[in-house]
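Per chain, numbering begins at 1; letters A, B, ... match sequence-line order.
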4 protein chains.
Amino acid sequence: MNARNASRDRATASRRRQIRDAAVRVFAERGFHNARVSDIAAEAGVAHGLVYHYFASKDAVLQEIFRTTWGWVDQGFREIHARPDLSAEQQLTEVVRLMLGSYRLAPDIVRVLVLEVTRSGHLRTQVEEITQAFELIESMIRGGQDAGHLRPDVDARFASYVLWGAIDEVLTGWVFGTLPDDDAAISRAEHTVVEIALAGLRKR
Amino acid sequence: MNARNASRDRATASRRRQIRDAAVRVFAERGFHNARVSDIAAEAGVAHGLVYHYFASKDAVLQEIFRTTWGWVDQGFREIHARPDLSAEQQLTEVVRLMLGSYRLAPDIVRVLVLEVTRSGHLRTQVEEITQAFELIESMIRGGQDAGHLRPDVDARFASYVLWGAIDEVLTGWVFGTLPDDDAAISRAEHTVVEIALAGLRKR
Amino acid sequence: MNARNASRDRATASRRRQIRDAAVRVFAERGFHNARVSDIAAEAGVAHGLVYHYFASKDAVLQEIFRTTWGWVDQGFREIHARPDLSAEQQLTEVVRLMLGSYRLAPDIVRVLVLEVTRSGHLRTQVEEITQAFELIESMIRGGQDAGHLRPDVDARFASYVLWGAIDEVLTGWVFGTLPDDDAAISRAEHTVVEIALAGLRKR
Amino acid sequence: MNARNASRDRATASRRRQIRDAAVRVFAERGFHNARVSDIAAEAGVAHGLVYHYFASKDAVLQEIFRTTWGWVDQGFREIHARPDLSAEQQLTEVVRLMLGSYRLAPDIVRVLVLEVTRSGHLRTQVEEITQAFELIESMIRGGQDAGHLRPDVDARFASYVLWGAIDEVLTGWVFGTLPDDDAAISRAEHTVVEIALAGLRKR
DNA sequence: TATGAATGAGCATTCATTCAT
DNA sequence: GATGAATGAATGCTCATTCAT
């Protein structure tokens, strides 16, 4: 009985994932608004009715994509934030690497997150979770200011938006194909974002 | 005859503007996707059929909003870029001021531009015009690098995205109400964006 | 201007009626649940979208049918009730005649009213208006009891249900085709309902 | 073998009953159309697939409810009709008592029968069995007319509808909660229906 | 110009029923 | 027998766009 249930649970989770992954690909390609539920089902190779066996609505699919993948971001941010061996500078550097590096790992997911979540009012409800990411960055910056490593004259709050915006815009450039995204370019991007944020453009 | 035509043209232009302005308000409030053509017409105080006398489609209305307002951005960027009396640093500072300052002048327009154009794939066709703005910023940065005032080791292309992203994210914060937008805050935002971009976060 | 508006209003009212009448035929034939909005539109000879120009929903169409036709019943009941020259007996006789006679005038409407309104919980909201009809009958009976013409030992409330049920069941028989509905049969039905209600089955 | 089969049959019958009873409760609460097969299954505490092991379709469940409970009505009517010791009057009185009394015994079943069967075209196929009930009433009335106890000038056919309609409407009132259904009220209802049907409203 | 009636493509969602396990 | 995953037909409603007046 337990064995059967366990097997069923595994099958259920697997199907959910299958449909969710299909949705990621479909949303990434056509955007949430232009994606039909039947597109997702077709991509997953199931009948469209089955989508509703696993998700309450088309919106719920997007929400689940957000939740599971954002959990990954959130987790990463928290781990970085919690490392006492890293200076604020190093923490912010890691944040940039985590975010920009994610594009290499899962471009479709980044595409969906950037297009439908970060850059759209669609998931305002979830904004709280996004807000937390901003707050962690702000906290890292403030930590650096308190430790005397970062400039105290810039507003930590706005600074967190600046860093996030820089990251988000580069990701957007990759998503829209207006920026090169080969490995060398990705390294260059990381370097540029980190350097500007920390040392600025001005030559000394 | 000419006089009559001129009068008619003026009337026509006035109507176009009336409908376009109504659309700005409606798009700003509900977003492009959730705005119905009849909402625009109602806001403008005309029958919805009339919208189609002046615009080919709902999309065309957004395009026109983009074109007219973006022309203003474009114009501003070009003027800044063309001033030989300004160093690259000063030019970039002016760019930030122009963009962030626009929110005070016309929040609804900024809202639409940010939500529906800059942060959405909706106006990909127009990307060329947006691209030009990026290129002007890139050109200013490259100019500074050539003149020996800005660091040569950062990628000018990515750097332009970083600056743009920083600006866009702050505007987004204002649009979504997650950042304070009183006059003092706006000044602080300008300072923060400019300082980070030019001098970085790191204390020296 | 007024002339044009008046003309438009007339056209609008005419279209509403056209669609409503089509709906009556469709509901009468297939029942509310089995009738598609596009069936109504097809019967009316218009595009299905137009139905939504005149009615908020499929339900609203049924409601309007109920409201307009029930107004007729209501009106008739009130007029009968208001005639001081008629005894309670005569008033009840008129009620029976009005109801059973309506089948001859508009069988489809009666069909819809009986099947979808009177005999279904679908328009519970409107029950108040139906309740008023019951109350008028009850009032007539009570009037007869007070005047000493009708038996005081029967419950006027239940009696009103008895009379209404008798009428409704005969109409149902006609609607379902289980009762003959030629003119002679209709007369016989009126006689039977009136006689039983007033004088009973028992021979004296 | 036989013993095993018998045991299995008993178990099968028990399951059928379990599901059928659950369906009665569900249909009574939400109505046939708004009740999902899975609601029935949930109410019965089984998987919804199991419903289809015992019933061919959702309709079949309603049919079975009708058949088993109507058998009770039918049986009662036949027994009353078959009693030579009862006059037509007494037989009709018993019919009224049987029907109205059933509400006290099994309100949910009456609710379903009234809402989904008697007052709806849903079980037209079964109309024959309902027709038989009408015919038995008609036969009782005709018997009374032949015996000289009931008036020969009313149409026995229509009269059976009148009586049935009176009963059905009172039950409907109870089902919809528009009539009082305490014990005293039920007695009053029986009295009123019987008295009107037999002696009429008119005072003598 | 201006109106708003008319059109029809498009789509999410529900749920009875089937079937593999 | 029992489960619940899987299927897919069916349909109300929205709204951009057209067009007669």
Side-chain heavy-atom pair C:Thr69, C:Val110 within 4.5 angstrom cut-off:
no
I need the residues from residues 37-50 of chain C with at least one non-hydrogen atom less than 4.0 Å from DNA chain F; give them sorted by number, or say none.
C:Val37, C:His48
Taking B:Glu43 for the side chain and B:Val26 for the main chain, is one N or O donor matched with an acceptor at less than 3.5 Å?
no
Please pick, from E:dT17, E:dT3, E:dG4, the nucleotide with the shortest atom-to-atom distance to any side-chain atom of C:His53.
E:dG4
Can you tell me how far C1' of E:dT13 sits from CZ of D:Arg36, to the nearest Å?
12 Å
About how many Å separate CZ of B:Arg30 and CD1 of B:Ile40, when rounded to the nearest 0.5 Å?
10.0 Å
Sugar-phosphate only, base, or nothing, as touched by B:Tyr54 at under 4.0 Å among non-hydrogen atoms:
sugar-phosphate
Could you check if a side-chain atom of A:Phe27 sits within less than 4.5 angstrom of a side-chain atom of A:Asp108, using non-hydrogen atoms only?
no
Heavy atoms, side chains only, cut-off 4.5 Å: are B:Asn34 and B:Asp39 in contact?
no
B:Thr68 side chain to B:Glu64 main-chain N or O, any donor-acceptor pair under 3.5 Å?
yes
Paired with B:Gln18, the side chain to side chain donor-acceptor pair (under 3.5 Å) test is passed by just one of B:Arg20, B:Arg16, B:Arg15, namely B:Arg15
Starting from C1' on F:dA16, measure out to CG on B:Leu62 and report it in whole angstrom.
15 Å
Take the protein atom NE2 of B:His33 and the nucleotide atom P of E:dG10, then report the distance between them rounded to whole Å.
16 Å
Do D:Arg67 and D:Glu129 come close enough that some side-chain heavy atom pair is under 4.5 Å?
yes
Interatomic spacing from CD1 in C:Ile130 to CZ in C:Phe66 - rounded to 0.5 Å
4.5 Å
Closest nucleotide among E:dT1, E:dT18, F:dA5 to the D:Tyr52 side chain
E:dT18
DNA chain F in dot-bracket form (Watson-Crick or G-U pairs under 3.5 Å, [ ] crossing, | inter-strand) is .||||||||||||||||||||
The residue, A:Lys58 or D:Ala35, whose nearest nucleotide of DNA chain E is more 5′ is A:Lys58
Report the distance from atom CZ of D:Phe55 to atom C1' of E:dA16, rounded to the nearest whole Å.
16 Å
Where each residue is assigned the nucleotide of DNA chain F containing its nearest heavy atom, which of C:Asn34 and A:Arg15 is assigned the position nearer the 5′ end?
A:Arg15
Nearest-Å distance for atom pair CG/P, residues B:Asp59 and F:dA16
11 Å
